[in-house]
Novice: 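Would you mind keeping the following structure in view while I ask a few things?
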Amino acid sequence: MDVRNCKDCGRLFNYVSGPRLCGACRQKLEEKFGEVKEYIRDNPSASISQISEEMNVSTQQIRQWIREERLIFSEDSVVTIDCEKCGAQIRTGRYCEKCKSQMAHNLDSLYKKEQPVIQKTIRDRDRMRYLDKQQ
Ligand SMILES: [Zn+2]
Ligand SMILES: [Zn+2]
């Protein structure tokens with residue numbers, strides 16, 4: 001059992017995973033999230049600091065929701081966050097399109113590099129099967 005202090009109210013609780021919040025605070029945060037989402041729907045041009053002030057929620061928390069892609073803003077919204085890699089202005093997620101495609105490309109070449117190993121394993125297995133048959 002992993003007992004910790006709630007980040008928000010300081011109460012001890014059984015920690016499982018995710019943000020270090022007790023059940024009550026987690027629920028409170030979810031309710032807040034619903035309110036913020038509604039507020040953004042009604043005020044699509046609101047900035048992060050405006051939302052923070054109006055909804056009494058930290059700008060850090062709003063950015064967190066944007067990074068988790070739970071809050072998504074419309075095309076004409078002024079709200080942007082920084083790409084975690086190059087600092088470009090993005091609307092949602094953690095990276096800009098450029099960094100995303102670059103990372104996808106890196107994954108691709110990684111996969112290609114690993115392929116010969118996989119093929120060799122299959123060949124070895126085939127050879128063993130062949131040897132089995134001969135006996
Ligand atoms: Zn709490
Ligand atoms: Zn970037």
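Values in this document were obtained by computation on a predicted structure and should not be read as measured data. Numbering of ligands and ligand atoms starts at 1, following listing order.
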Novice: Please check if any side-chain donor atom of Glu68 sits under 3.5 Å from a side-chain acceptor atom of Gln64, or the reverse.
Specialist: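 Yes.
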Novice: Given Val57 and Trp65, is the side-chain contact (heavy atoms from CB on, under 4.5 Å) satisfied, shown in steps?
Specialist: CA-CA 11 Å; Val57 54; Trp65 283 328; 4.1 Å; yes
Novice: Enumerate the protein N/O/S atoms at a distance below 2.8 Å from the Zn ion (ligand 2), ignoring waters.
Specialist: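 Listed by chain and number, the atoms are Cys83 SG, Cys86 SG, Cys96 SG, Cys99 SG.
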Novice: On a heavy-atom basis, which atom in Ser52 and which in Thr59 lie closest, and how many Å separate them?
Specialist: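 Taking every non-hydrogen atom into account, CB-CG2, 3.6 Å.
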Novice: What's in the same ILVMFWY side-chain cluster as Tyr15, cut-off under 4.5 Å, chained through other members?
Specialist: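 Cluster partners of Tyr15: Phe13.
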Novice: Would you say Arg20 has more than 12 foreign heavy atoms packed within less than 6.0 Å of its CZ?
Specialist: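 More than 12 heavy atoms, drawn from other residues, nucleotides or ligands, come within 6.0 Å of this atom.
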Novice: Show me the donor-acceptor pairs, under 3.5 Å and distance only, between side chains in residues 83-90 and residues at least two apart or in other chains.
Specialist:
residue, atom, partner, partner atom, Å
Glu84, OE1, Arg94, NE, 3.2
Glu84, OE1, Arg94, NH2, 2.9
Glu84, OE2, Arg67, NE, 3.3
Glu84, OE2, Arg94, NE, 3.3
Gln89, OE1, Thr80, OG1, 2.6
Gln89, NE2, Asp82, OD1, 2.7

Novice: Restricting to distances shorter than 2.8 Å, give the number of protein N, O or S atoms close to the Zn ion (ligand 1).
Specialist: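 Protein N, O or S neighbours of the Zn ion (ligand 1) under 2.8 Å, waters not counted, come to 4.
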Novice: Provide the closest heavy-atom pair for Leu71 versus Thr92 in the form atom of the first, atom of the second, distance.
Specialist: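 Answer, listing the atom of Leu71 first, then Thr92: O-OG1, 3.8 Å.
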Novice: Among Gln61, Gln50, Glu35, exactly one meets side chain to side chain contact (heavy atoms under 4.5 Å, CB included) together with Met55. Which residue is that?
Specialist: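 Result for side chain to side chain contact (heavy atoms under 4.5 Å, CB included) with Met55: Glu35.
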Novice: Are Lys100 and Glu97 ion-paired here, with the side-chain N under 4.0 Å from a carboxylate O?
Specialist: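 Salt bridge: yes.
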